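Written below as C-alpha coordinates is the structure these notes are about.
For clarity, every value in this text was computed on a predicted model and none was experimentally measured.
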Amino acid sequence: MGNNLQRPKGTQDILPDVAQQWQQVENTANSLFNQWGYGEIRTPNLEYTELFLRGVGETTDVVNKEMYRFEKSKRDYSLRPEGTAGVVRAFIENGLHRTPKPVRLWYTGPMFRYERPQAGRQRQFHQLGIEQFGIAGPSADTEVIALAWALLTTLGLPDLALEINDIGSAADREAFRNQLRNALTDHKTALCDTCQHRYTENPFRMLDCKNPSCQTIYSGQPIQALLAKPWTNADSQAHFATVTKALTELGIPWQRNHTLVRGLDYYNGPVFEITTTKLGAQNTVCGGGRYDSLVETLGGPETPGVGWALGLERLISLLPASAPVPPDVWVAIANTSLLTQGMQAATQLRNKGYTVDTDLSHKKIGKQIDAAAKRGIKHVVLVEPEREITVKTLTTSQQTPLTDFLNQPIAGR
RNA sequence: GCGAGUGUAGCCAAGUGGUUAAGGCCCCGGGUUGUGGUCUCGGUAUUCGUGGGUUCGAUUCCCAUCACUCGCCCCA
(Lines give C-alpha, C1' and ligand atoms only; values in the text may rest on other atoms or scores of the structure.)
Protein backbone atom coordinates (compact mmCIF):
# COMPACT_ATOMS: atom_id res chain seq x y z
CA MET A 1 0.00 0.00 0.00
CA GLY A 2 3.06 2.15 0.31
CA ASN A 3 2.67 4.63 -2.48
CA ASN A 4 -1.05 4.48 -3.02
CA LEU A 5 -3.04 7.67 -3.16
CA GLN A 6 -4.50 8.73 0.14
CA ARG A 7 -6.94 11.37 1.21
CA PRO A 8 -5.38 14.35 2.98
CA LYS A 9 -5.04 14.15 6.73
CA GLY A 10 -8.17 15.17 8.54
CA THR A 11 -10.53 14.59 5.62
CA GLN A 12 -13.14 11.90 5.27
CA ASP A 13 -14.76 9.78 2.58
CA ILE A 14 -18.44 9.49 3.33
CA LEU A 15 -19.64 6.12 2.05
CA PRO A 16 -23.25 5.28 1.14
CA ASP A 17 -24.36 3.87 4.49
CA VAL A 18 -23.17 6.95 6.36
CA ALA A 19 -24.29 9.27 3.57
CA GLN A 20 -27.76 7.95 4.27
CA GLN A 21 -27.51 9.41 7.77
CA TRP A 22 -26.33 12.71 6.36
CA GLN A 23 -29.35 12.82 4.09
CA GLN A 24 -31.64 12.10 7.01
CA VAL A 25 -30.16 14.99 8.99
CA GLU A 26 -30.19 17.32 6.02
CA ASN A 27 -33.77 16.48 5.16
CA THR A 28 -34.94 16.97 8.73
CA ALA A 29 -33.10 20.27 9.01
CA ASN A 30 -34.32 21.44 5.65
CA SER A 31 -37.98 20.93 6.42
CA LEU A 32 -37.67 22.31 9.95
CA PHE A 33 -35.96 25.47 8.72
CA ASN A 34 -38.63 25.83 6.12
CA GLN A 35 -41.33 25.55 8.78
CA TRP A 36 -39.62 28.21 10.87
CA GLY A 37 -39.31 30.62 7.96
CA TYR A 38 -35.58 30.32 7.39
CA GLY A 39 -34.32 30.41 3.78
CA GLU A 40 -31.20 28.72 2.56
CA ILE A 41 -28.15 30.72 1.54
CA ARG A 42 -25.13 29.26 -0.22
CA THR A 43 -21.89 31.18 -0.12
CA PRO A 44 -18.45 30.30 -1.51
CA ASN A 45 -16.03 27.99 0.27
CA LEU A 46 -13.38 30.45 -0.79
CA GLU A 47 -13.30 34.06 0.36
CA TYR A 48 -10.79 36.86 0.46
CA THR A 49 -8.77 36.46 3.61
CA GLU A 50 -9.60 39.95 4.74
CA LEU A 51 -13.17 38.88 5.46
CA PHE A 52 -12.04 36.55 8.20
CA LEU A 53 -9.38 38.90 9.54
CA ARG A 54 -11.99 41.58 10.03
CA GLY A 55 -14.95 39.37 10.79
CA VAL A 56 -13.67 36.59 13.01
CA GLY A 57 -10.76 38.53 14.47
CA GLU A 58 -7.05 38.60 13.71
CA THR A 59 -6.04 37.42 17.15
CA THR A 60 -8.29 34.37 17.27
CA ASP A 61 -6.71 30.95 16.92
CA VAL A 62 -9.11 30.08 14.14
CA VAL A 63 -7.82 32.89 11.96
CA ASN A 64 -4.34 33.15 13.31
CA LYS A 65 -3.10 29.60 13.00
CA GLU A 66 -5.81 27.42 11.52
CA MET A 67 -6.70 28.93 8.14
CA TYR A 68 -5.84 27.42 4.80
CA ARG A 69 -4.55 30.63 3.32
CA PHE A 70 -2.84 31.22 0.01
CA GLU A 71 -2.14 33.82 -2.62
CA LYS A 72 -3.16 33.66 -6.26
CA SER A 73 -2.68 36.53 -8.73
CA LYS A 74 -1.73 38.76 -5.84
CA ARG A 75 -5.04 38.18 -4.09
CA ASP A 76 -5.06 36.73 -0.59
CA TYR A 77 -7.58 33.89 -0.29
CA SER A 78 -8.66 31.57 2.49
CA LEU A 79 -10.86 28.53 2.68
CA ARG A 80 -13.60 29.46 5.08
CA PRO A 81 -12.95 28.30 8.65
CA GLU A 82 -16.52 29.07 9.71
CA GLY A 83 -19.77 30.15 8.12
CA THR A 84 -20.99 33.34 9.73
CA ALA A 85 -18.53 35.79 8.21
CA GLY A 86 -19.39 34.70 4.67
CA VAL A 87 -23.11 34.88 5.30
CA VAL A 88 -22.78 38.38 6.73
CA ARG A 89 -20.68 39.42 3.74
CA ALA A 90 -23.35 38.08 1.40
CA PHE A 91 -26.06 39.73 3.46
CA ILE A 92 -24.44 43.11 2.93
CA GLU A 93 -23.26 42.58 -0.63
CA ASN A 94 -26.68 41.48 -1.86
CA GLY A 95 -28.59 44.17 -0.03
CA LEU A 96 -30.52 41.79 2.20
CA HIS A 97 -30.41 44.48 4.87
CA ARG A 98 -33.04 46.24 2.80
CA THR A 99 -35.49 43.36 3.08
CA PRO A 100 -38.07 43.06 5.90
CA LYS A 101 -36.69 42.21 9.32
CA PRO A 102 -35.92 39.80 10.67
CA VAL A 103 -33.93 38.21 7.88
CA ARG A 104 -33.76 34.51 8.58
CA LEU A 105 -31.08 32.42 6.83
CA TRP A 106 -29.59 28.96 7.12
CA TYR A 107 -26.59 27.35 5.46
CA THR A 108 -24.61 24.17 5.36
CA GLY A 109 -21.31 23.13 3.85
CA PRO A 110 -17.68 22.25 4.44
CA MET A 111 -15.40 24.35 6.62
CA PHE A 112 -11.62 24.08 6.78
CA ARG A 113 -9.29 24.41 9.73
CA TYR A 114 -5.67 23.33 9.84
CA GLU A 115 -5.57 21.48 13.16
CA ARG A 116 -4.39 18.12 14.47
CA PRO A 117 -7.31 15.76 13.93
CA GLN A 118 -8.79 13.87 16.81
CA ALA A 119 -12.15 12.42 17.78
CA GLY A 120 -14.83 14.88 16.66
CA ARG A 121 -12.41 17.14 14.87
CA GLN A 122 -11.19 17.05 11.30
CA ARG A 123 -9.57 19.51 8.94
CA GLN A 124 -12.46 19.50 6.54
CA PHE A 125 -15.66 19.30 8.50
CA HIS A 126 -19.22 20.35 7.87
CA GLN A 127 -21.39 22.84 9.65
CA LEU A 128 -25.07 23.49 9.56
CA GLY A 129 -26.04 26.87 10.86
CA ILE A 130 -28.55 29.68 10.98
CA GLU A 131 -28.24 33.44 11.18
CA GLN A 132 -30.99 35.87 12.05
CA PHE A 133 -30.57 39.58 11.39
CA GLY A 134 -32.35 42.74 12.41
CA ILE A 135 -33.82 42.13 15.85
CA ALA A 136 -31.96 43.61 18.81
CA GLY A 137 -34.33 42.34 21.48
CA PRO A 138 -34.23 39.03 23.35
CA SER A 139 -36.95 37.50 21.13
CA ALA A 140 -34.32 36.86 18.48
CA ASP A 141 -32.02 34.96 20.84
CA THR A 142 -34.93 32.95 22.15
CA GLU A 143 -36.15 31.91 18.73
CA VAL A 144 -32.71 30.98 17.52
CA ILE A 145 -31.93 28.85 20.54
CA ALA A 146 -35.37 27.25 20.44
CA LEU A 147 -34.78 26.28 16.83
CA ALA A 148 -31.46 24.64 17.67
CA TRP A 149 -33.13 22.72 20.44
CA ALA A 150 -36.02 21.72 18.20
CA LEU A 151 -33.66 20.39 15.55
CA LEU A 152 -31.57 18.34 17.93
CA THR A 153 -34.54 16.88 19.75
CA THR A 154 -36.35 16.13 16.49
CA LEU A 155 -33.30 14.13 15.47
CA GLY A 156 -33.62 12.23 18.72
CA LEU A 157 -30.17 13.00 20.09
CA PRO A 158 -29.48 11.64 23.57
CA ASP A 159 -28.16 13.43 26.64
CA LEU A 160 -28.12 17.01 25.48
CA ALA A 161 -27.32 19.93 27.72
CA LEU A 162 -27.82 23.59 26.88
CA GLU A 163 -25.28 25.84 28.53
CA ILE A 164 -25.67 29.55 28.31
CA ASN A 165 -23.80 32.61 29.49
CA ASP A 166 -23.89 36.36 29.24
CA ILE A 167 -20.62 37.80 27.97
CA GLY A 168 -21.84 41.41 27.78
CA SER A 169 -20.08 43.97 25.65
CA ALA A 170 -16.46 44.07 24.58
CA ALA A 171 -15.82 46.69 27.24
CA ASP A 172 -17.46 44.54 29.91
CA ARG A 173 -15.22 41.66 28.97
CA GLU A 174 -12.07 43.74 29.01
CA ALA A 175 -12.93 45.06 32.47
CA PHE A 176 -13.68 41.60 33.80
CA ARG A 177 -10.53 40.14 32.30
CA ASN A 178 -8.55 42.70 34.25
CA GLN A 179 -10.41 41.91 37.47
CA LEU A 180 -9.60 38.25 36.96
CA ARG A 181 -5.95 39.01 36.38
CA ASN A 182 -5.78 41.21 39.45
CA ALA A 183 -7.36 38.55 41.61
CA LEU A 184 -4.78 36.05 40.41
CA THR A 185 -1.64 38.13 40.44
CA ASP A 186 -0.35 36.52 43.61
CA HIS A 187 -1.02 33.01 42.39
CA LYS A 188 0.29 33.44 38.90
CA THR A 189 3.49 31.47 39.38
CA ALA A 190 1.54 28.58 40.91
CA LEU A 191 -0.54 28.11 37.78
CA CYS A 192 0.18 25.51 35.12
CA ASP A 193 2.02 26.57 31.96
CA THR A 194 -1.15 26.67 29.93
CA CYS A 195 -2.90 28.88 32.47
CA GLN A 196 0.05 31.24 32.65
CA HIS A 197 -0.33 31.63 28.95
CA ARG A 198 -4.09 32.05 29.29
CA TYR A 199 -3.52 34.64 31.99
CA THR A 200 -2.37 37.05 29.34
CA GLU A 201 -4.13 35.74 26.25
CA ASN A 202 -7.54 34.57 27.42
CA PRO A 203 -8.16 34.69 31.16
CA PHE A 204 -11.70 33.31 30.80
CA ARG A 205 -10.35 29.98 29.71
CA MET A 206 -8.32 29.53 32.85
CA LEU A 207 -11.48 28.78 34.76
CA ASP A 208 -12.16 25.43 33.15
CA CYS A 209 -8.59 24.21 33.31
CA LYS A 210 -8.38 20.51 34.09
CA ASN A 211 -5.28 20.82 36.24
CA PRO A 212 -6.27 20.09 39.89
CA SER A 213 -3.88 22.56 41.44
CA CYS A 214 -5.20 25.33 39.19
CA GLN A 215 -8.72 24.33 40.11
CA THR A 216 -8.08 24.69 43.83
CA ILE A 217 -6.99 28.25 43.19
CA TYR A 218 -10.02 29.02 41.04
CA SER A 219 -12.45 27.49 43.49
CA GLY A 220 -11.07 29.70 46.27
CA GLN A 221 -12.81 32.73 47.71
CA PRO A 222 -11.54 35.62 45.61
CA ILE A 223 -12.35 34.06 42.25
CA GLN A 224 -15.67 32.60 43.31
CA ALA A 225 -16.70 35.94 44.77
CA LEU A 226 -15.81 37.57 41.48
CA LEU A 227 -17.87 35.08 39.50
CA ALA A 228 -20.82 35.31 41.83
CA LYS A 229 -21.57 38.91 41.06
CA PRO A 230 -22.67 39.96 37.60
CA TRP A 231 -20.05 41.75 35.59
CA THR A 232 -21.92 42.62 32.41
CA ASN A 233 -23.81 45.86 31.85
CA ALA A 234 -27.37 46.24 33.07
CA ASP A 235 -28.92 46.06 29.60
CA SER A 236 -27.11 42.84 28.82
CA GLN A 237 -28.19 41.34 32.13
CA ALA A 238 -31.82 42.24 31.54
CA HIS A 239 -31.63 40.87 28.00
CA PHE A 240 -30.11 37.64 29.28
CA ALA A 241 -32.74 37.28 32.00
CA THR A 242 -35.53 37.65 29.46
CA VAL A 243 -34.03 35.02 27.18
CA THR A 244 -33.55 32.46 29.92
CA LYS A 245 -37.02 33.09 31.30
CA ALA A 246 -38.49 32.47 27.87
CA LEU A 247 -36.47 29.27 27.49
CA THR A 248 -37.82 28.00 30.79
CA GLU A 249 -41.37 28.84 29.70
CA LEU A 250 -40.79 26.98 26.46
CA GLY A 251 -39.72 23.93 28.42
CA ILE A 252 -36.12 24.06 27.22
CA PRO A 253 -33.78 23.07 30.03
CA TRP A 254 -30.68 25.24 30.35
CA GLN A 255 -27.94 25.90 32.78
CA ARG A 256 -25.76 28.89 33.39
CA ASN A 257 -22.09 28.28 32.69
CA HIS A 258 -20.07 31.22 33.92
CA THR A 259 -16.94 29.99 32.23
CA LEU A 260 -18.48 29.68 28.79
CA VAL A 261 -16.84 32.04 26.33
CA ARG A 262 -16.45 31.76 22.61
CA GLY A 263 -13.28 31.78 20.60
CA LEU A 264 -14.51 34.12 17.91
CA ASP A 265 -14.33 37.86 18.51
CA TYR A 266 -17.69 38.88 17.17
CA TYR A 267 -19.92 37.59 19.96
CA ASN A 268 -21.61 39.72 22.62
CA GLY A 269 -24.48 39.25 25.06
CA PRO A 270 -25.90 35.76 25.37
CA VAL A 271 -23.74 32.92 24.04
CA PHE A 272 -24.56 29.26 24.28
CA GLU A 273 -23.40 25.74 23.56
CA ILE A 274 -25.26 22.49 23.35
CA THR A 275 -23.10 19.62 24.55
CA THR A 276 -23.46 15.88 24.93
CA THR A 277 -21.69 13.43 27.16
CA LYS A 278 -21.32 10.87 24.39
CA LEU A 279 -18.73 12.51 22.23
CA GLY A 280 -15.30 12.39 23.86
CA ALA A 281 -13.19 15.46 24.37
CA GLN A 282 -14.88 17.52 21.69
CA ASN A 283 -18.31 17.49 23.23
CA THR A 284 -19.89 20.60 21.77
CA VAL A 285 -22.49 19.78 19.14
CA CYS A 286 -23.80 23.26 18.59
CA GLY A 287 -22.56 26.71 19.54
CA GLY A 288 -23.55 30.26 18.90
CA GLY A 289 -24.66 33.61 20.21
CA ARG A 290 -25.36 37.21 19.44
CA TYR A 291 -23.15 39.40 17.27
CA ASP A 292 -24.51 42.91 17.17
CA SER A 293 -21.55 44.68 15.63
CA LEU A 294 -20.43 42.18 12.99
CA VAL A 295 -22.49 43.57 10.11
CA GLU A 296 -21.10 47.00 10.76
CA THR A 297 -17.57 45.68 11.18
CA LEU A 298 -17.83 44.22 7.70
CA GLY A 299 -19.03 47.45 6.19
CA GLY A 300 -22.81 47.15 6.41
CA PRO A 301 -25.34 49.28 8.22
CA GLU A 302 -25.69 48.78 11.97
CA THR A 303 -27.65 45.53 12.19
CA PRO A 304 -27.97 43.17 15.14
CA GLY A 305 -27.62 39.45 14.54
CA VAL A 306 -27.85 36.09 16.29
CA GLY A 307 -26.89 32.65 15.08
CA TRP A 308 -25.37 29.27 15.73
CA ALA A 309 -23.56 26.50 13.94
CA LEU A 310 -23.50 22.82 14.61
CA GLY A 311 -20.89 20.28 13.62
CA LEU A 312 -22.45 17.70 11.35
CA GLU A 313 -19.78 15.04 11.82
CA ARG A 314 -20.18 15.29 15.57
CA LEU A 315 -23.92 15.21 15.31
CA ILE A 316 -24.01 12.27 12.94
CA SER A 317 -21.64 10.26 15.09
CA LEU A 318 -24.33 10.41 17.76
CA LEU A 319 -26.98 8.90 15.52
CA PRO A 320 -27.59 5.16 15.57
CA ALA A 321 -26.07 3.40 12.56
CA SER A 322 -28.72 2.85 9.95
CA ALA A 323 -28.93 -0.50 8.21
CA PRO A 324 -28.84 -0.33 4.43
CA VAL A 325 -32.34 -0.46 3.01
CA PRO A 326 -32.69 -3.18 0.35
CA PRO A 327 -34.68 -2.45 -2.79
CA ASP A 328 -38.26 -3.73 -2.94
CA VAL A 329 -37.65 -5.72 -6.10
CA TRP A 330 -34.74 -7.57 -7.73
CA VAL A 331 -34.83 -8.23 -11.46
CA ALA A 332 -33.12 -11.49 -12.43
CA ILE A 333 -32.28 -11.63 -16.14
CA ALA A 334 -31.26 -14.97 -17.61
CA ASN A 335 -29.00 -13.69 -20.39
CA THR A 336 -27.88 -10.64 -22.29
CA SER A 337 -30.47 -10.91 -25.01
CA LEU A 338 -33.20 -10.40 -22.41
CA LEU A 339 -31.62 -7.25 -20.97
CA THR A 340 -34.01 -4.78 -22.53
CA GLN A 341 -37.04 -6.76 -21.42
CA GLY A 342 -35.66 -6.82 -17.92
CA MET A 343 -35.00 -3.12 -17.94
CA GLN A 344 -38.48 -2.41 -19.23
CA ALA A 345 -39.94 -4.48 -16.42
CA ALA A 346 -37.81 -2.52 -13.94
CA THR A 347 -39.07 0.74 -15.38
CA GLN A 348 -42.69 -0.32 -15.06
CA LEU A 349 -42.11 -1.27 -11.44
CA ARG A 350 -40.32 1.98 -10.68
CA ASN A 351 -43.14 3.97 -12.24
CA LYS A 352 -45.46 2.13 -9.93
CA GLY A 353 -43.35 3.31 -7.00
CA TYR A 354 -41.12 0.35 -6.21
CA THR A 355 -37.39 0.59 -5.71
CA VAL A 356 -35.73 -1.83 -8.08
CA ASP A 357 -32.24 -3.27 -8.52
CA THR A 358 -31.34 -5.10 -11.70
CA ASP A 359 -29.00 -8.09 -11.60
CA LEU A 360 -26.56 -7.72 -14.47
CA SER A 361 -24.52 -10.84 -13.79
CA HIS A 362 -26.54 -13.14 -16.12
CA LYS A 363 -25.62 -16.03 -13.90
CA LYS A 364 -27.99 -18.93 -13.56
CA ILE A 365 -31.38 -17.78 -12.33
CA GLY A 366 -30.93 -19.77 -9.14
CA LYS A 367 -27.76 -17.81 -8.32
CA GLN A 368 -29.52 -14.55 -8.98
CA ILE A 369 -32.38 -15.47 -6.67
CA ASP A 370 -29.74 -16.45 -4.20
CA ALA A 371 -28.20 -13.00 -4.37
CA ALA A 372 -31.60 -11.37 -3.83
CA ALA A 373 -32.39 -13.63 -0.89
CA LYS A 374 -29.07 -12.80 0.76
CA ARG A 375 -29.90 -9.13 0.53
CA GLY A 376 -33.26 -9.58 2.20
CA ILE A 377 -35.21 -8.63 -0.91
CA LYS A 378 -38.89 -9.53 -1.03
CA HIS A 379 -39.74 -9.83 -4.72
CA VAL A 380 -37.69 -11.19 -7.60
CA VAL A 381 -38.71 -10.66 -11.21
CA LEU A 382 -37.73 -13.63 -13.37
CA VAL A 383 -36.89 -12.78 -16.97
CA GLU A 384 -36.21 -16.03 -18.82
CA PRO A 385 -36.30 -17.20 -22.43
CA GLU A 386 -39.67 -18.32 -23.74
CA ARG A 387 -41.43 -17.72 -20.46
CA GLU A 388 -43.80 -15.08 -19.28
CA ILE A 389 -42.13 -12.55 -17.01
CA THR A 390 -43.19 -13.39 -13.47
CA VAL A 391 -42.66 -12.00 -10.01
CA LYS A 392 -41.65 -14.44 -7.34
CA THR A 393 -42.32 -13.34 -3.78
CA LEU A 394 -39.65 -14.93 -1.64
CA THR A 395 -41.56 -14.75 1.62
CA THR A 396 -44.50 -16.76 0.28
CA SER A 397 -42.93 -18.55 -2.71
CA GLN A 398 -45.86 -17.32 -4.80
CA GLN A 399 -45.31 -16.53 -8.45
CA THR A 400 -47.41 -13.91 -10.18
CA PRO A 401 -47.27 -12.75 -13.77
CA LEU A 402 -45.68 -9.29 -13.90
CA THR A 403 -48.81 -7.78 -15.46
CA ASP A 404 -50.93 -8.97 -12.52
CA PHE A 405 -48.32 -7.85 -10.01
CA LEU A 406 -48.37 -4.35 -11.48
CA ASN A 407 -52.13 -4.19 -10.98
CA GLN A 408 -51.89 -5.03 -7.31
CA PRO A 409 -51.70 -2.17 -4.84
CA ILE A 410 -48.13 -1.53 -3.75
CA ALA A 411 -47.52 -3.61 -0.68
CA GLY A 412 -46.10 -2.40 2.59
CA ARG A 413 -42.38 -2.73 2.72
C1' G B 1 3.02 23.27 17.76
C1' C B 2 3.35 19.50 22.07
C1' G B 3 2.31 14.45 24.39
C1' A B 4 0.76 9.12 24.23
C1' G B 5 -0.69 4.65 21.59
C1' U B 6 -1.14 1.58 17.19
C1' G B 7 0.44 -0.30 12.12
C1' U B 8 -0.11 -8.51 9.22
C1' A B 9 -5.25 -8.89 2.79
C1' G B 10 -11.50 -4.75 1.70
C1' C B 11 -12.83 -5.94 7.19
C1' C B 12 -11.82 -8.85 11.96
C1' A B 13 -7.57 -11.15 13.25
C1' A B 14 -3.47 -15.77 14.79
C1' G B 15 1.55 -16.18 14.60
C1' U B 16 7.12 -17.40 15.06
C1' G B 17 14.68 -15.42 14.86
C1' G B 18 14.67 -20.20 10.01
C1' U B 19 11.40 -24.75 4.46
C1' U B 20 4.93 -22.67 0.98
C1' A B 21 2.49 -16.23 6.98
C1' A B 22 -3.28 -19.77 10.48
C1' G B 23 -8.49 -18.86 10.72
C1' G B 24 -13.23 -16.09 10.09
C1' C B 25 -16.27 -12.47 7.22
C1' C B 26 -16.78 -10.19 2.52
C1' C B 27 -15.67 -10.74 -2.67
C1' C B 28 -14.84 -13.89 -7.27
C1' G B 29 -15.41 -18.75 -9.94
C1' G B 30 -17.40 -24.04 -10.14
C1' G B 31 -20.77 -27.94 -8.30
C1' U B 32 -25.25 -29.20 -5.43
C1' U B 33 -29.97 -27.63 -3.78
C1' G B 34 -36.16 -28.75 -9.40
C1' U B 35 -35.99 -21.27 -9.45
C1' G B 36 -34.02 -19.19 -2.80
C1' G B 37 -30.60 -17.36 2.11
C1' U B 38 -28.16 -24.53 2.87
C1' C B 39 -24.10 -27.59 1.68
C1' U B 40 -19.51 -28.23 -1.05
C1' C B 41 -14.84 -27.40 -3.96
C1' G B 42 -11.51 -23.76 -5.46
C1' G B 43 -9.33 -18.55 -5.87
C1' U B 44 -7.76 -13.95 -3.73
C1' A B 45 -0.78 -11.17 1.16
C1' U B 46 6.18 -13.33 -3.80
C1' U B 47 4.62 -10.77 1.91
C1' C B 48 3.70 -8.65 7.42
C1' G B 49 3.23 0.54 6.61
C1' U B 50 8.23 2.27 4.44
C1' G B 51 13.68 2.67 4.68
C1' G B 52 18.00 1.19 7.09
C1' G B 53 20.73 -1.76 10.80
C1' U B 54 21.92 -6.38 13.82
C1' U B 55 22.12 -11.58 12.12
C1' C B 56 24.12 -17.18 8.33
C1' G B 57 18.74 -15.75 8.25
C1' A B 58 13.83 -11.26 10.28
C1' U B 59 7.03 -10.13 9.76
C1' U B 60 9.22 -11.33 14.59
C1' C B 61 15.17 -7.55 17.78
C1' C B 62 17.13 -2.15 17.17
C1' C B 63 16.89 2.79 14.79
C1' A B 64 14.59 6.16 11.67
C1' U B 65 10.51 7.60 8.88
C1' C B 66 5.48 7.73 7.36
C1' A B 67 0.39 6.90 8.30
C1' C B 68 -3.62 6.38 11.55
C1' U B 69 -5.87 6.94 16.47
C1' C B 70 -6.44 9.45 21.12
C1' G B 71 -5.27 13.69 24.18
C1' C B 72 -3.39 19.08 25.05
C1' C B 73 -4.29 23.92 22.85
C1' C B 74 -8.65 25.68 20.42
C1' C B 75 -13.32 24.91 18.48
C1' A B 76 -18.63 22.82 15.65
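When the P atom is compared between B:G18 and B:G57, the two are found 14 Å apart, to the nearest whole Å. B:G3 and B:A13: their P atoms are spaced 29 Å apart (whole Å). Comparing the C1' positions of B:C25 and B:A14 gives a spacing of 15 Å, expressed to the nearest Å. Using C1' as the reference atom, B:U55 and B:U20 are 23 Å apart when rounded to the nearest Å. For the P atoms, the distance linking B:A9 with B:G15 amounts to 16 Å, nearest Å. Spacing of C1' atoms, B:U8 relative to B:A21, comes out at 8 Å, to the nearest Å. Remark: the separation of the P atoms in B:C62 and B:U16 is 15 Å, to the nearest Å. Look at the C1' atom in both B:G7 and B:G49: the space between them is 6 Å, to the nearest Å.
Closest contact between the side chain of A:Q127 and the listed nucleotides B:A76, B:A67, B:C72 involves B:A76. Checked against B:G36, B:A67, B:C74, the side chain of A:Q6 finds its nearest nucleotide in B:A67. Comparing B:G71, B:G36, B:C74 by their closest approach to the side chain of A:D370 singles out B:G36. Closest to the A:A373 side chain, of the nucleotides B:A76, B:G37, B:G71, is B:G37. You'll find that the side chain of A:D61 is closest to B:C74, out of B:C74, B:A76, B:G71. With B:U35, B:G71, B:U38 as the candidates, the nucleotide lying closest to the side chain of A:Q399 is B:U35. With distances taken from any side-chain atom of A:R387 to the nucleotides B:U35, B:U32, B:A67, the minimum falls on B:U35.
Put simply, CD on A:Q196 is 17 Å from C1' on B:C2, counting in whole angstrom units. In this structure, A:Q398 atom CD and B:G36 atom C1' are separated by 15 Å, rounded to whole Å. Between the CD1 atom of A:I365 and the P atom of B:U32 there is a distance of 16 Å, rounded to whole Å. Between the P atom of B:G37 and the NZ atom of A:K364 lies a distance of 13 Å, rounded to the nearest Å. Regarding A:K392, its NZ atom lies at a distance of 10 Å from the P atom of B:U35, rounded to whole Å. Distance A:N283 CG to B:C72 C1': 15 Å, rounded to the nearest Å. Nucleotide B:C39 holds its P atom 12 Å from the NZ atom of A:K367, rounded to whole Å. As a whole-Å value, the separation of A:Q368 CD from B:G29 C1' is 15 Å.
Residue-environment remark: NZ (A:K245) stays at or below the threshold of 12 foreign heavy atoms within 6.0 Å.
One finds no side-chain N or O of A:K363 lying less than 4.0 angstrom from the OP1 or OP2 phosphate oxygen of B:C28. In this structure, A:K9 reaches the B:C68 phosphate: one of its side-chain N or O atoms is under 4.0 Å from OP1 or OP2. Taking only side-chain nitrogens and oxygens, A:R375 never comes nearer than 4.0 Å to OP1 or OP2 of B:G37. At B:U69, none of the side-chain N or O atoms of A:R116 fall inside 4.0 Å of OP1 or OP2 (strictly under the cut-off). Proximity of A:Q118 to the phosphate of B:C72: a side-chain N or O atom is located under 4.0 Å from OP1 or OP2.
A salt bridge links A:D292 with A:R290: the closest approach of a Lys/Arg side-chain nitrogen to an acidic carboxylate oxygen falls below 4.0 angstrom.
Neither side chain, A:T303 nor A:H97, offers a donor N or O lying under 3.5 Å from an acceptor on the other. In summary, the side chains of A:N283 and A:T275 do not present any donor paired with an acceptor at a separation below 3.5 Å, with no hydrogens or angles considered. No side-chain donor-acceptor contact under 3.5 Å links A:W254 and A:T244. For the residue pair A:T284/A:E273, the side-chain donor-acceptor check at 3.5 Å is satisfied.
Across all strands shown, B:A76 has no partner, as no Watson-Crick or G-U wobble contact with both distances under 3.5 Å is found. Taking a pair to require two hydrogen-bonding distances under 3.5 Å in either a Watson-Crick or a G-U wobble arrangement, B:G7 pairs with B:C66. In this entry B:G71 has B:C2 as its Watson-Crick or G-U wobble partner, both defining distances falling under 3.5 Å.
Using a 4.0 Å heavy-atom distance criterion, A:T60 is classed as making no nucleic acid contact. No engagement by A:E313 is indicated, since no non-hydrogen atom pair under 4.0 Å with the nucleic acid exists. Contacts of A:G120 with the nucleic acid, taken as non-hydrogen atoms under 4.0 Å apart, include base atoms.
Between A:V331 and the choices A:D359, A:V383, A:L360, the side chain to side chain contact (heavy atoms under 4.5 Å, CB included) rule is met once, by A:V383.
Summary of the strand contacts: A:I369 and A:S361 both lie near RNA chain B, and taking for each the nucleotide with the nearest heavy atom, the more 5' one is attributed to A:S361. Position along RNA chain B of the nearest nucleotide to A:E82 versus A:E384 favours A:E384 as the more 5'-ward residue.
Between A:F133 and A:Y291, the ring planes lie perpendicular to each other; the angle is over 60°, past the 30° to 60° tilted range.
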